[in-house]
Amino acid sequence: NRFPETAAELFSYDAVILGSLEAAALSQDQHNWLKEFVDRRGGSLLLLAGRDGLGDGGWSRVPLAQLLPAVLPAGAARSYGTRVSNVQPTEYGRESPIGRFDADPIKNAAQWKELPALADYQDLGKLRPGAVVLIETVAAGGVTSPLLVTQRYGRGATYLLGTASTW
């Protein structure tokens, strides 16, 4: 129901998921705690897309942006909007527990194809050299875009999810 009030309280978690939340909603101390949570504690941080999420929420302008697997767009233009697209795991995604619905690769691929399309998308920006794309969108004409991207940072990992409409 709220963000932890101390670093010690935050460090009791294994993962933090932030939805469509502006970066300005957190104090400077809370931003520092999140950085230490990933870097030193070894926690995982997932930022979700949304009207006030990712680049549109100012996350590209805070020190925590250095930890993320992509350089989020920082312009005045909004990057979140309606875009119907199907999804598929990448080669890395098929090997990851995140992308495996079934241990059998053929059954797994069939289950991914059965998922309904997503209704929205937010541009994640330019990927950093250490980023790994686990899931991508597939738009008309077979054009793909990163949807779920991760990167190791210090002892932990950060993730970006470019949609607010998951299943």
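The structure presented is a predicted model; accordingly, all values stated were derived computationally and were not measured. In what follows, every heavy atom counts, from backbone to side chain, and hydrogens, waters and symmetry copies are set aside. When a residue number appears, it is its place in the shown sequence, counting from 1.
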Enumerate, atom names and distances included, each donor-acceptor pair closer than 3.5 Å involving a side-chain atom of residues 41-55, sequence neighbours excluded.
residue, atom, partner, partner atom, Å
R41, NE, F11, O, 2.8
R41, NH2, Y13, O, 2.7
R41, NH2, D14, OD1, 2.8

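Nearest heavy-atom pair, P73 versus S60, reported as atom, atom and distance to 0.1 Å: O-OG, 3.7 Å. For the pair D39 and G154, the tightest heavy-atom approach, listed with the atom from each and the gap, is OD1-CA, 3.3 Å. Closest non-hydrogen pair, D102 versus D104, comes out as OD1-N, 2.8 Å. For the residue pair A157 and V38, the shortest heavy atom distance occurs at N-CG1, 3.8 Å. The shortest heavy-atom contact between L124 and P146 is CD1-O, 3.6 Å. Among all heavy-atom pairs drawn from Q151 and L67, the shortest one is NE2-O, 3.2 Å.
Counting heavy atoms from C-beta on, the side chains of S79 and Q122 come closer than 4.5 Å. Here the side chains of P69 and T158 are in contact, with some heavy-atom distance below 4.5 Å. The side-chain heavy atoms of R128 and V149, taken from C-beta on, include no pair separated by under 4.5 Å. Side-chain contact between I98 and Y159 is present, with heavy atoms from C-beta onward closer than 4.5 Å. Residues E9 and F3 have side chains not in contact (no heavy-atom distance under 4.5 Å, counting atoms from C-beta outward). Between L115 and F101 the shortest side-chain heavy-atom distance falls below 4.5 Å.
L127 is not connected to V138 by any chain of hydrophobic side-chain contacts under 4.5 Å among Ile, Leu, Val, Met, Phe, Trp and Tyr, and they are in different clusters. No continuous path of ILVMFWY side-chain contacts below 4.5 Å connects V71 to L64, so the two sit in separate hydrophobic clusters.
Side chain of N108 to backbone of G99: a donor-acceptor contact under 3.5 angstrom is found.
The number of heavy atoms from other shown groups lying within 6.0 Å of CD1 (I17) does not exceed 12. In this structure, E95 places its CD atom where only 12 or fewer heavy-atom neighbours from other residues, nucleotides or ligands lie under 6.0 Å away.
Applying the salt bridge (Lys or Arg N to Asp or Glu O under 4.0 Å) test to E22 and every residue at least two apart in sequence or in another chain returns nothing. Annotation: ring-ring contact (aromatic ring centres under 6.0 Å, His included) contacts of W33 (sequence neighbours excluded): none. When the side-chain hydrogen bond (donor to acceptor under 3.5 Å, both in side chains) test is applied to T166, no partner is found at least two apart in sequence or on another chain. A search for side-chain hydrogen bond (donor to acceptor under 3.5 Å, both in side chains) contacts involving D120 returns Y80, T163, S165, not counting sequence neighbours. Listed by chain and residue number, Y92, V133, E136 satisfy the side-chain contact (heavy atoms from CB on, under 4.5 Å) test with T90 (two or more places apart in sequence, or in another chain).
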